[in-house]
Every structure is written in structure tokens, then in C-alpha cells.
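Step one of this worksheet: look at the structure below.
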Amino acid sequence: MEFEKKYGSIDPKPLAKWITLDDAEFLIAPSQTIAFRNEALKLFNVGDIDSESLGKRKASDLVGLESEIKSRTVLLDWKNVKEEDKEIPYSQEKAYELLTTFDEFRTWVDEQSDLLAEQREKATKQIKKK
């Protein structure tokens with residue numbers, strides 16, 4: 001049995017798609033992949049699972065945790081992203097910085113990732129029906 005064929009890839013890149021925003025392109029993977037869940041397990045404490053514990057954390061801490069996970073498993077690369085007219089090479093650290101700094105961008109990445117997850121789920125259901 002091949003685990004990746006049966007349960008899914010632990011590498012989010014094969015599931016990712018290039019998505020254009022203005023004149024830049026972003027390689028975005030679907031949310032709720034095995035890679036996403038594994039990264040969340042590494043960063044969240046067991047006590048964070050109940051909403052009461054999360055409610056005691058600062059909002060910036062939660063945004064940081066969420067952005068850390070997404071910078072490793074959702075926002076995987078980019079083209080034509082610039083600061084002061086200079087192209088910024090992709091790095092996980094820079095992805096984290098942009099996700100934590102720019103709320104609208106983080107929301108856009110979330111929306112794209114969720115759409116890809118929905119498409120993936122629909123495709124999986126179609127395959128299972130056959």
C-alpha cells in the first residue's frame with residue numbers, strides 16, 4: 001500500500017496552484033491538508049484545543065500561529081512580489097512577515113486556499129461516486 005495514494009500527500013506543493021493577484025502570482029495550497037494539520041500539531045499546545053484556552057491568548061499570538069502554519073503549508077512561493085520596486089525572493093520567513101503584517105492579504109490567501117480545498121473535496125467526492 002502506498003500511504004500517499006491512500007491518505008494524501010504530506011507535501012502541499014503537488015496540490016498547490018498559481019493564483020494571480022494584480023501583477024503578482026502566488027503558489028497557494030489548499031487548506032486542511034495533511035501538511036497543514038501536521039504543522040498545526042507542532043505549533044499548538046494541547047491546551048489550545050479548547051476555545052477557553054485560545055480566548056486567553058492575545059490576538060496577535062493567534063495571528064502569528066496561523067501565519068506560521070500558512071507560511072509553511074499554504075503560501076509556498078511567489079513571482080513578481082516587490083518592495084520599493086525591487087523583487088522580493090520568496091522565503092518562508094518573508095511569507096510569514098507578509099501574512100502577519102497585511103490583514104487583507106492574509107484574508108485573500110485564506111479565501112484562495114479555502115476555494116482550492118472546496119474544489120479538492122468536490123473532485124474527491126466525484127471520484128468516490130464512480
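None of the values given here were measured: they were computed from a predicted structure.
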(request) Report yes or no: do V81 and I19 belong to one cluster of Ile/Leu/Val/Met/Phe/Trp/Tyr joined by side chain heavy-atom distances under 4.5 Å? (result)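 Same cluster.
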
(request) Flag yes if I28 and Y96 sit in one hydrophobic cluster, no otherwise; membership is Ile, Leu, Val, Met, Phe, Trp, Tyr, and two members link when side-chain heavy atoms are under 4.5 Å apart. (result)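 Not linked; separate clusters.
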
(message) E111: which residues meet the salt bridge (charged side-chain N to carboxylate O under 4.0 Å, His left out) condition with it, sequence neighbours left out?
(response)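 Salt bridge (charged side-chain N to carboxylate O under 4.0 Å, His left out) list for E111, sorted by chain: empty.
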
(message) Test: salt bridge (Lys or Arg N to Asp or Glu O under 4.0 Å). Region: residues 81-93. Which pairs qualify, not counting sequence neighbours?
(response)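 Qualifying pairs, neighbours excluded: E83-K94.
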
(request) May I have all residue pairs that pass salt bridge (Lys or Arg N to Asp or Glu O under 4.0 Å) and include part of residues 12-27, sequence neighbours excluded? (result)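 As it turns out, there is no salt bridge (Lys or Arg N to Asp or Glu O under 4.0 Å) pair with a partner in residues 12-27 once direct neighbours are skipped.
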
(message) Has T101 got a side-chain atom pairing as donor or acceptor with L98's backbone, closer than 3.5 angstrom?
(response)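 Absent.
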
(request) Determine yes or no for a side-chain-to-main-chain donor-acceptor pair under 3.5 angstrom, with W78 supplying the side chain and I88 the backbone. (result)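 Yes; judged by distance alone, with no hydrogens or angles, the pair exists.
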
(request) Rounded to the nearest 0.5 Å, what's the gap from CD on Q32 to OG1 on T73? Could you check? (result)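 Separation between the atoms: 9.0 Å.
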
(message) I need the K70 NZ to E39 CD distance, nearest 0.5 Å.
(response)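 It comes to 13.0 Å.
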
side-chain contact (heavy atoms from CB on, under 4.5 Å) involving [X] - partner list, sequence neighbours excluded:
| X | answer |
| --- | --- |
| R106 | V63, E66, S67, L99, D103, D110 |
| T33 | L15, P30, A35, F36, R120 |
| P14 | S9, D11 |

(request) Applying ring-ring contact (aromatic ring centres under 6.0 Å, His included), name anything that partners F105, two or more places apart in sequence or on another chain. (result)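 Partners of F105 under the ring-ring contact (aromatic ring centres under 6.0 Å, His included) test: F26.
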
Taking only residues two or more places apart in sequence or in another chain, which ones pass side chain to side chain donor-acceptor pair (under 3.5 Å) with [X]?
| X | result |
| --- | --- |
| Q112 | none |
| S113 | none |
| N38 | none |
| S71 | Q92 |

(request) Please tell me if the side chains of F102 and V109 come closer than 4.5 Å, counting only heavy atoms from C-beta onward. (result)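 Side-chain contact under 4.5 Å: no.
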
(request) Identify the heavy atoms of Y90 and L75 that sit nearest to each other, and give their distance. (result)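 Heavy atoms only, the tightest pair is OH-O, 2.8 Å.
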
(message) Which residues end up grouped with W18 if you chain together Ile, Leu, Val, Met, Phe, Trp and Tyr wherever their side-chain heavy atoms are less than 4.5 Å apart?
(response)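 Listed partners: L27, L76.
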
